[in-house]
Amino acid sequence: MSVVCFVEQDAEGVIVDSSLRAVTFARMLSDQSGEEIVAVALSARARGSGGAGPGSLDGAGRNPAEGSLSEGVGQQGHEVLGAYGVGDVCLLVLPRTVGYAPRALATGLAQLAGAARASAVIAASTDHGNEVMAHLAALSHLPMVANCSEARRVGPTTLQLSRQRWGGSLIEDSVLEAAVALLTVATDEVAPVLAPAASEPAARTFTPELAETDIAVRAIESRDATSGVSLANAKVVVSGGRGIGGAEGFAAVEQLAGLLGGAVGVSRAVTSLGWRPHSEQVGQTGTRVSPDLYIACGISGAIQHLAGCQSAKVMVAINTDPQAPIMGRADYAVIGDVNAILPALVDALSQRSR
Amino acid sequence: MDILVCIKRVPMVGGRISLTPDGRGVDTEMLGFTMSPHEECAVEAAVRLVERDGGSVTALTLGPPEATDQLRDAIAVGANAAILLKTDGREWGPTATAAAITAVAEQHQAQTGRPYDLLLFGNEAADTGDYQVAVRVAHLLGHPCATGIKQLEVDVHGVHARREYRGVTELFELPLPAVLSVKEGINLPRYPSLPGRMRAKKAQIDEVDPEWQGDGLKLDGLRVPISERRQAAILGHGVEAVPALVDLLERLGVLS
Ligand SMILES: Cc1cc2nc3c(=O)[nH]c(=O)nc-3n(C[C@H](O)[C@H](O)[C@H](O)COP(=O)(O)OP(=O)(O)OC[C@H]3O[C@@H](n4cnc5c(N)ncnc54)[C@H](O)[C@@H]3O)c2cc1C
Ligand SMILES: Nc1ncnc2c1ncn2[C@@H]1O[C@H](COP(=O)(O)O)[C@@H](O)[C@H]1O
C-alpha cells in the first residue's frame, strides 16, 4: 500500500514549496499506516519545458532510471523529496503530450495509483492540483476533498478530515468514506516539515496508456514578460480600499509602494468600481499574499479580504473607523483620513531619503 | 449559441462568521445572500457572448426556494431563462450536484435536439470551495473542459480560453460543446439596469425537484479557526501620526 503524492516543479525544474507541503501532509497519513510515499512528477516534456532534445524519454533504448533523474526532478529534487520522507520517485511519462494536459495526468495518476495500491492520492491545492484531482475523481467515481489541513485514518476506508471553507475563514471537520482518498492540501495551513530521517528514494518511470480524449485538452504555453514586483511574492504590499475614495487617490498608494519596494494591492470594492484592475485584488477571489508588511488603507477587513492577506507578518491599518474589523487583525493602526495621511507619509519618506 | 450558467446561493458574510448553535452551518439570520464573484463573471461572460452572437443564457441553481433571488439577479443582468433545482435546505455535495446539473443538460438536449453549446461555472463555490463540479459535469456529458479561465474568446472553431499559472500563460483550445469554469477578473460584471430588474421580477422560473443524495464526505461540524485576535496598537490620529509611522517602517527595516 502507498500514499501517492503529485508534485509540481517550476520552470527551472525545482520542486515548488506547495508540493513540499503536500508531501508533508501525505506523511500525516503514511506515518500512521507505515505506507510508502510515492511522489509523482512529470517528465520535462510533459511539463512543457522542452525536453524533446537529447535525453528525451520517448527516444529508444534509454535507461529509464537515468532518464528520470535528468528529465524528471533532477538529482537535487530527488534529494529534497528524500529529505521530506518520499520513498519512491516516479516520473510520469505521458506519450504524445507536450505541455500540461490535466486529463492525461489524471489518467496517469489513476493507473499508477492502481499499480501502487494507493490508499490516498494527494496534491497541493493549486490551480493544477485541484484541476487534476477533479479529473481523477470524475474518472474514478470517487469523492474528492479540496483544501484539507488535517487527516487521520480511523478505518480501512475511513478518514477524519479537516478542511478549509470560505478560503480559510472556516474549518470543516468531516468524515470521508472512500476506497481511495483523493485530497488536495491547503498549503497556507500545512507548513513544510522535513522527515525525522531522510530516505533515499528509488527512481522509476511510469508510462500510462492514454486515450485520445485524455490528450484532447492541453495547454499551449507561453512565458510572460513579467515586469515590476509581483503581488504574490512582494515583501511589502500597500493596499487601498473603498476608503481611498476614487482612482486618483491611488497615486499616493503607488508612491508609497514604490518607496517601500513593494506592490500595490486593492480590495474587491475597488476592482468592482473599476478604479483598479482585478490583477491587484487581494483576497478569496483575488491573489493571496504573505508579505513581511501589509499596509491596509481604507479597507474594512472583510473576511474575504483577510483570506488573502492574513499570513502577513506585520499588518498596519489606516482607517477613519477605530471599530473596523481590520483592527482585530492589524498590529498597528493610524486612525484618520487616508487621503491626508498617505501624501504626508510619502512626503516624509521622500524628504528622508534626500 | 445556448449557454447554461451555474450559480450557487451563499451567505454574504462580512467581518466575521457566526455559526448556528449546532455548529453545522453558518448563522444567516442577519445576513444577505449572493453568489460567488467568479459566478457573477460567468453570467457576464455568457450574456456578452449571446449579445454578440445571439442565442440564450439559462441560469441554473441548486438550492433552497430562496435561491430564486440569485436566479433573478442573473436575469436582471441579461440571462433569458432560469432553472431552480429545489432542495429542502440540506447541503448537497459536489458529486450529487454535478449529477443533478448534468440531468438538466441532458433533458435540454432531449427536448430541443441540441446540447447547450457552452456550460459556464465559477472556478470554485464561495462557501465550500470544492473545485470540482464543473469537471465532473464535463466528464458526465463527455465534453472537453478547462478551469480557472481568465480570458475567453469564442468563434466558429470553438473556445480559446486562457489563464495564468506560475508566470506562464496557458491557452486551451476546445471544440464546442464545452465546459468552462472562470475566475473573477475575466470581465467586469455590469450592474443591473432598471428594465433588467423589472424583467427579473416578473420572470418565470422553472423548477425541478431532484432527490437528495449523499456524497462520500459527511460533515461533523464547522469551526472558526483560532486566529490570534489582536487589538491594533494605535500609533496616533491623522497626519500627527506620520512620524510614528516612519519610525515603525524604520524599525521593520523596509526603508532603504
Ligand atoms: C464570495 C465573496 C468573495 C469575495 N472576495 C473578495 C476578495 O477576494 N477581496 C476583497 O477585498 N473582497 C472580497 N469580497 C468582498 C468583501 O466582502 C468586501 O465587500 C470588500 O473587501 C470590501 O472592500 P473595502 O474594505 O475596500 O470596502 P468597505 O467595506 O466599504 O470599507 C471601506 C473602509 O474604508 C474606511 N474609510 C472610508 N473613508 C476613509 C478615509 N477617508 N480614510 C480612511 N479610511 C476610510 C471605512 O471606515 C471602511 O472601513 C468578497 C465577497 C464575497 C461574498
Ligand atoms: N448548488 C449549486 N448550484 C448551481 N451551481 C453550483 C452549485 N454548486 C456548485 N456550482 C457550480 O460549480 C462551481 C464550482 O463549485 P465547487 O466545485 O463546489 O467549488 C461553482 O462556482 C458553481 O458555478
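All values derive from a computational prediction rather than experimental measurement.
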Next item on the list: Evaluate the side-chain proximity of L62(B) to I101(B): yes if any heavy-atom separation is below 4.5 Å, no if none is.
Entry: no

Next item on the list: Name all pairs fulfilling the side chain to side chain donor-acceptor pair (under 3.5 Å) condition that reach into residues 130-142 of chain A, sequence neighbours left out, sorted by first residue then second.
Entry: Y100(A)-E131(A), S125(A)-N130(A), N130(A)-T184(A), E131(A)-T147(B), E131(A)-R163(B), H135(A)-H139(B)

Checklist line | Pairwise distance CZ(R218(A)) to CZ(F172(B)) - rounded to 0.5 angstrom | finding: 11.5 Å

Notebook entry, point to check: chain B heavy atoms under 4.5 Å from D331(A): which part of the residue, side chain, backbone, both or neither?
Noted result: both

Item checked: Interchain contact, L217(B) with chain A, by part (heavy-atom threshold 4.5 Å) -> both

Checklist line | Interchain contact, Q160(A) with chain B, by part (heavy-atom threshold 4.5 Å) | finding: side chain

Notebook entry, point to check: Can you say whether Y165(B) sits under 4.5 Å from chain A via the side chain, the backbone, both, or neither, judging by heavy atoms?
Noted result: side chain

Notebook entry, point to check: Under a 4.5 Å heavy-atom cut-off, does chain B meet the side chain of V338(A), its backbone, both or neither?
Noted result: neither

Checklist line | K218(B) versus chain A, the contacting section by heavy-atom distance below 4.5 Å | finding: both

Margin query: Just checking E240(B): does its CD atom have more than 12 heavy atoms from other residues, nucleotides or ligands closer to it than 6.0 angstrom?
Written below: no

Checklist line | Leading residue by heavy atom contact count with chain A [cutoff under 4.5 Å; candidates E40(B), K150(B), E124(B), E250(B)] | finding: E250(B)

Check: Based on non-hydrogen pairs under 4.5 Å, which of G236(B), P94(B), S36(B), G148(B) is most in contact with chain A?
Finding: G236(B)

Item checked: Contacting moiety of I234(B), where chain A heavy atoms sit under 4.5 Å -> both

Check: So how far is it from T28(B) OG1 to M30(B) CE, rounded to the nearest 0.5 Å?
Finding: 11.0 Å

Check: Which bit of L140(B) comes within less than 4.5 Å of chain A, counting heavy atoms only: side chain, backbone, both or neither?
Finding: neither

Note to self: For Q164(A), which atoms come within 4.5 Å of any heavy atom of chain B: side chain, backbone, both, or neither?
What the structure shows: backbone

Notebook entry, point to check: Checking heavy atoms, do the side chain of S149(A), its backbone, both or neither come under 4.5 Å from chain B?
Noted result: neither

Note to self: Distance alone, cut at 3.5 Å: any donor-acceptor contact between the side chains of T128(B) and K8(B)?
What the structure shows: yes

Check: Do you know which of L159(A), T320(A), V16(A), V236(A) has the most heavy-atom pairs under 4.5 Å to chain B?
Finding: V16(A)

